[in-house]
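So that the names make sense, note that chain A is the first sequence line, chain B the second, and so on, each numbered from 1. The structure displayed is predicted, hence computed values, not measured ones.
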Amino acid sequence: MSQNVFPVGRLRLRHLLGIEGLSAEEITLLLDLSESYVEQNRARGGKSSLLRGRTIINLFFENSTRTRTSFELAGKRLGGDVVNMSAEVSSIKKGETLMDTAVTMNAMLPDVLIVRHPDSGAVKLLSEKVDCAVINAGDGTHEHPTQALLDALAIRRHKKRLQGLLVAICGDILHSRVARSNIHLLATMGARVRVVGPPTLMPTAIARMGVEVFHDMRKGLEGVDIVMMLRLQTERMQGNFVPSVREYFRHYGLDYEKLSVAKPDALIMHPGPMNRGVEIDSEVADDVDRSLIREQVEMGVAVRMACLDLLTRNLVSNTGGAT
Amino acid sequence: MRYPDGVVPAKTPGGRGGPPVAYVNARLLDPASNLDTLGGMVVRSGQVAEIGAHLAAAGALAAAGPAGIETIDCAGMCLAPGLVDMRVQLREPGEEHKETISTASEAAAVGGVTTMVALPNTRPAIDDAALVESVARLARETSLVRVHTYAAVTRGLNGKEMTEFGLLAAAGALGFTDATHAVADPQLLRRALSYARTFGKAIIQHPEEPILSRGAMNEGELSTRLGIPGSPAMAEIIQIERDIRIAELTGGRLHFSNVTTAQGLAAIRNAKARGLHITCDTAPHYFALNEMALSDYRTFAKVSPPLRSEDDRRAVIEALKDGTIDAIASDHSPHDQDSKRLPLAQAAFGTVGLETLLPIVLELVHNKQLGLLAALAKVTSAPASLLGLKEGRLAKGLAADFVVFDPAAPWKIEAKSLQSKSKNSAFDDRLVQGRVLRTVAAGIPIHIAS
């Protein structure tokens with residue numbers, strides 16, 4: 001039996017653990033479906049019944065309000081039952097190991113587990129122990145696939161394409177899972193990616209991921225279509241990565257002066273939450289003509305609906321299962 | 001040493017006080033004397049009584065020895081000194097849920113290892129003469145193979161206050177090491193090297209600068225992709241280069257364990273050429289695996305120093321060939337499931353290795369990188385002479401510690417089938433060639449392959 005034959009309109013995967021390894025066709029499928037959910041949400045069409053009877057558990061080992069809420073809304077709009085578990089209220093704080101938690105969660109027979117964890121690779125490890133679909137909502141400094149998908153959707157809606165665009169990802173690349181997922185996605189879709197930031201916040205081998213590296217923001221932003229700012233992950237800082245916030249803002253904070261070298265119609269993005277006055281100037285962030293930041297949040301719900309939709313199509317528990 | 005269950009040495013051919021036994025029709029391999037010949041060996045009372053090509057056939061034996069001697073036909077298989085593993089973590093005392101001296105010795109027996117040298121990083125650390133003696137007593141009572149131990153350089157491995165080298169050496173410590181951590185303080189290392197010299201002992205140094213090596217894997221493209229903090233190869237090179245200079249200052253003997261990088265090895269090669277007393281070893285995973293073993297966040301391949309790039313792996317093989325690397329140690333580091341089934345950054349460092357040492361070393365022979373005698377020397381006579389041990393040789397009058405193995409037999413390493421109490425093998429599922437048929441310690445068979 002051939003392994004390559006797969007029904008149209010399906011992902012080849014049981015889990016969404018990262019963008020790395022997804023094909024351009026799969027990414028396009030996810031984005032197209034997300035697009036239809038954007039329209040459905042805007043039309044305020046009410047609750048769908050697609051995921052009626054499905055149980056979705058939001059399992060967050062790291063604080064998050066927006067991503068968790070976005071997944072929760074996505075699940076509810078599709079008619080699923082969504083339960084939130086966070087490290088504070090669960091037994092993880094009582095010393096239960098990740099593997100124990102996986103086994104416990106699995107025994108509750110959820111259909112989808114949405115997991116965020118502070119350690120790279122932890123979501124994959126957990127996915128090996130459960131029977132349901134797992135969506136990575138961010139693991140350490142590895143990947144955050146739904147963020148990259150929502151970023152791509154926002155870009156595609158404005159620029160009508162991803163192919164051939166010049167995108168600069170700026171700031172703390174070292175600690176950013178958003179950067180890694182975006183690099184994989186944009187490269188797969190044929191965009192050119194630059195990373196811009198101080199060398200101390202750049203992984204040593206980042207150029208091997210197929211990006212151009214810039215340490216001078218005025219050069220890095222030259223002629224770009226998209227400026228993607230990253231949060232300066234101050235909570236992850238343990239050493240002398242940058243000497244001070246004011247020095248960081250001077251060299252790597254996005255303001256109109258630095259933006260002036262980008263294309264005149266360049267758009268500005270930020271995964272949030274923003275540190276105003278650290279990596280981005282307030283005026284730029286709030287510029288309605290150029291900032292996609294608010295729209296990114298809206299796209300987030302649609303993308304997560306598409307992910308839930310596609311992954312539940314592949315569930316082994318489906319009657320006449322797909323896999 | 002204890003005997004295997006039910007064995008009475010006086011009634012066991014080859015055992016102390018027992019009848020003699022002859023191993024005939026064997027390919028005798030003794031790296032120390034450069035012996036590689038078809039022959040035989042007579043074992044009497046735990047010692048080698050006679051060895052040589054003239055004993056190849058049972059018939060020749062009848063002429064040479066007493067009538068009615070029991071003979072074991074080795075069917076042309078290799079008979080070599082039992083392996084001397086100069087770097088083993090025993091976990092006893094303190095972490096008996098991971099390994100004990102007894103279980104490690106059973107793993108050693110299966111792997112053809114007849115001498116283990118233990119690292120002092122137990123709980124408590126081996127930093128006092130009484131503890132050296134207690135390990136020796138435990139080994140006498142529970143181990144199937146010979147056990148020696150290193151002692152800590154600093155009390156409790158704290159990196160600050162030196163231990164009593166003189167008393168520890170007198171109690172039997174073979175050398176001094178802070179085990180999996182380098183002695184970082186240069187002044188302390190200088191004094192330790194000078195002081196150890198008085199007792200003719202080496203300082204055995206983990207080759208990584210501690211602050212630069214806080215990552216969970218080799219720093220490079222894969223660590224970047226996986227989002228895992230890396231330890232750069234330079235952390236090793238810096239430590240080795242600095243320590244060579246300190247050794248030069250003192251004239252002391254310095255041995256680096258687990259060397260993994262091309263440039264670290266180049267520094268050692270250069271130091272040897274300048275006549276300094278510098279030696280080193282590596283472990284099988286550093287020439288048989290590279291960092292790609294960690295893709296998919298495989299924690300069983302998380303070791304310290306980390307698995308390096310393919311270029312470094314090849315450089316380790318070159319250094320084994322040209323003699324820059326003196327010896328190979330298994331670096332046996334048992335860990336239970338709870339320490340390994342964790343996200344990569346949190347998982348413990350180390351792989352078990354006693355049972356896979358011989359087949360992985362034989363890969364060097366099958367790949368035509370080393371001759372059979374040269375490969376065996378790295379795990380027998382070379383580590384023994386580095387540590388001043390009599391083991392690791394086959395010669396009349398020495399203890400009959402040896403291994404009979406089939407160098408070509410193919411098998412698959414399966415972690416779950418290992419004897420060691422912990423199953424964390426970086427080589428799980430690897431196809432290898434070379435199987436131990438029989439391991440003999442002090443004349444007594446302690447492992448016979450089924």
Side-chain angles (χ1 to χ4, degrees), chain A residues 17-21 61-62 95-103 115-129 136 138-144 172-181 183-184 187 195 202-211 213 233 236 238-241, chain B residues 97 209-238 261 290-302 306-312 335-349 423-424 428:
Chain A
L17 300 177
I19 299 292
E20 189 172 20
F61 295 85
E62 205 180 60
E96 190 180 74
T97 69
L98 183 61
M99 302 319 280
D100 290 337
T101 308
V103 171
V115 187
R116 170 169 287 192
H117 196 282
D119 280 307
S120 302
V123 179
K124 178 183 184 296
L125 185 63
L126 190 141
S127 75
E128 291 164 359
K129 285 281 167 188
N136 181 2
D139 65 323
T141 58
H142 176 225
E143 282 231 44
H144 189 355
D172 183 358
I173 311 289
L174 182 65
H175 298 104
S176 178
R177 53 196 174 209
V178 174
R180 284 175 180 76
S181 286
I183 289 167
H184 290 305
V195 290
M202 211 59 98
T204 44
I206 192 73
R208 300 287 299 271
M209 287 180 74
V211 299
V213 181
Q233 306 262 3
R236 290 223 179 88
Q238 288 163 357
N240 292 303
F241 292 98
Chain B
H97 59 293
E209 199 291 317
I211 294 171
L212 280 174
S213 62
R214 284 180 180 161
M217 64 180 292
N218 188 40
E219 183 176 290
E221 181 181 352
L222 188 64
S223 70
T224 298
R225 282 179 185 275
L226 295 178
I228 293 290
S231 296
M234 200 53 83
E236 178 174 308
I237 300 156
I238 288 168
T261 59
N290 65 23
E291 61 188 336
M292 294 312 288
L294 284 124
S295 43
D296 281 347
Y297 299 97
R298 220 169 135 255
T299 58
F300 280 14
K302 180 180 176 185
L307 297 178
R308 302 288 186 186
S309 69
E310 176 61 8
D311 286 346
D312 286 317
H335 284 294
D336 56 355
Q337 289 269 331
D338 288 349
S339 312
K340 278 291 194 182
R341 290 293 286 170
L342 289 170
L344 186 61
Q346 290 180 30
F349 288 100
K423 314 295 181 192
N424 56 303
D428 193 16

Stepwise ring-ring contact (aromatic ring centres under 6.0 Å, His included) check, A:F241 with A:H175: CA-CA 11 Å; A:F241 292 98; A:H175 298 104; 5.0 Å; yes

Stepwise side-chain hydrogen bond (donor to acceptor under 3.5 Å, both in side chains) test for A:R116 and A:H144: CA-CA 9 Å; A:R116 170 169 287 192; A:H144 189 355; 3.2 Å; yes

Distance-only side-chain donor-acceptor flag, B:E310 / B:N290, under 3.5 Å: yes

A:L125, part contacting chain B, at a heavy-atom distance under 4.5 Å: side chain

Ionic contact status for A:E128 with B:R298, cut-off 4.0 Å: no

Region of A:M99 in contact with chain B, defined by heavy-atom distances below 4.5 Å: side chain

Chain B contact via A:E20 - which portion, at a heavy-atom distance below 4.5 Å: side chain

B:D338 versus chain A, the contacting section by heavy-atom distance below 4.5 Å: neither

Which of A:A207, A:A205, A:S120 touches chain B most, by non-hydrogen pairs under 4.5 Å: A:S120

Chain A interface, residue from B:L226, B:L222, B:L344 that has the most non-hydrogen pairs under 4.5 Å: B:L226

Parallel, tilted or perpendicular: ring planes of A:F61 versus A:H117, cut at 30 and 60 degrees: tilted

